[in-house]
Amino acid sequence: KTTDYKRMDMPFEGLGLHPHLVKAIRDLGYTRPTPIQAEAIPAALSGKDLIGGAQTGTGKTAAFLLPVLQRMILSPSKGRTRALALTPTRELAVQVADHLSELAKQTPIRSIAIYGGVPMGPQTKALRSGVDMVIATPGRLLDHLRRGSAKLDQLEVLILDEADRMLDMGFLPDIRTIVKSIPKQRQTMLFSATLPHEIVKLSQEMMRDPIRIKFGGDEKTPV
Ligand code: AMP
């Protein structure tokens, strides 16, 4: 386990992140990657699918956002949605979008949070303006897909955040419908505090040979 320890003790520069991202990380005051970041970032940068066992507070959001941002910085392409994160709640969608704004502030990369309970109009307008990443609750995203206001045919990365909570909230059918409308050729990352059978099954349907990452130090996480 010596190697793991060394990897966890490595500064962000050692993970191969772009200087724009390292600068944003510095400005946020982060000095070292968290254990899940040290494991997940190199795996995600390699383009592989991954399953991460992680609860809130572990730094899991930056663990998936930084590799997405790196991909967008290294091969820029404007006007199309290249990454989608599905979240169980409006609060989490907004939180992830805010985190992206902080990490992407040295770049032109833009995201939008899409969730129910508010009018469709402003979201439709923002989606049509061309955002790089959409962070959405499944039900409202499906409404936008059905109306043609969200276009995901060029998607490169799909993230399921807090997958077990999405299961509890009954979102799995919506998620399966959404996944049918996005390219098969993509990177998929799934984060979940627990891995019930339904989530394992979903991951088998959606992922190819995923790397499994269990964040160190918390025995309570049964992944
Ligand atoms: P999350 O688990 O993604 O919800 O993140 C929990 C909190 O940890 C957030 O407030 C992040 O800003 C913060 N955070 C993420 N990565 C790091 C890091 N490497 N060092 C210090 N704080 C971090």
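Start at 1 and go down the list; that is how both ligands and their atoms are numbered.
- With respect to Leu84, the side chain to side chain contact (heavy atoms under 4.5 Å, CB included) criterion is satisfied by exactly one of Val157, Val68, Leu152: Leu152.
- When each atom of ligand 1 is checked for a heavy atom of Gln37 under 4.0 Å away, the hits are 15 (C), 16 (N), 17 (C), 18 (C), 19 (N).
- For the pair Val96/Ile159, no side-chain contact is recorded, criterion being any heavy-atom separation below 4.5 Å from C-beta on.
- Within a 4.0 Å radius of atom 7 (C) of ligand 1, the protein contributes no non-hydrogen atoms.
- The Arg32 neighbourhood of ligand 1 comprises atoms 18 (C), 19 (N), 20 (N), with distances under 4.0 Å to a heavy atom of that residue.
- Taking every heavy atom of Gly59 and a limit of under 4.0 angstrom, the matching atoms of ligand 1 come to 1 (P), 2 (O), 3 (O), 5 (O), 15 (C).
- In this structure, Glu205 places its CD atom where more than 12 heavy-atom neighbours from other residues, nucleotides or ligands lie under 6.0 Å away.
- Those atoms of ligand 1 that come under 4.0 Å of a heavy atom in Thr61, given as number and element, are 1 (P), 3 (O), 4 (O).
- Inside a 4.0 Å radius of atom 10 (O) of ligand 1 there is not any protein heavy atom.
- Within ligand 1, the atoms closer than 4.0 Å to a non-hydrogen atom of Phe12 are 19 (N), numbered from 1 in the order shown.
- Put simply, the side chain of Thr81 reaches to within 4.5 Å of the side chain of Leu155, judged on heavy atoms.
- Each of the atoms 17 (C), 18 (C), 19 (N) of ligand 1 lies under 4.0 Å from some heavy atom of Thr34.
- Listed by chain and number, the residues in a ring-ring contact (aromatic ring centres under 6.0 Å, His included) with His99 amount to none (sequence neighbours excluded).
- Counting protein heavy atoms only, atom 12 (O) of ligand 1 is closest to Tyr30 OH, 2.4 Å.
- Under the 4.0 Å distance rule, the nearest protein heavy atom to atom 19 (N) of ligand 1 falls inside the cut-off.
- The residues Asp27 and Lys23 are annotated as salt-bridged, a charged nitrogen and a carboxylate oxygen being separated by less than 4.0 angstrom.
- Residues Leu160 and Ile199 form no side-chain contact, since every pair of their non-hydrogen atoms from C-beta on lies 4.5 Å or further apart.
- For a threshold of 3.5 Å applied to N or O pairs, the pair formed by Gly57 and ligand 1 contains at least one separation below that value.
- Polar contact check, Thr58 against ligand 1: a nitrogen or oxygen pair lies under 3.5 Å apart.
- In the hydrophobic clustering, Leu74 connects to no other residue, as no ILVMFWY side-chain heavy atoms lie under 4.5 Å from its own.
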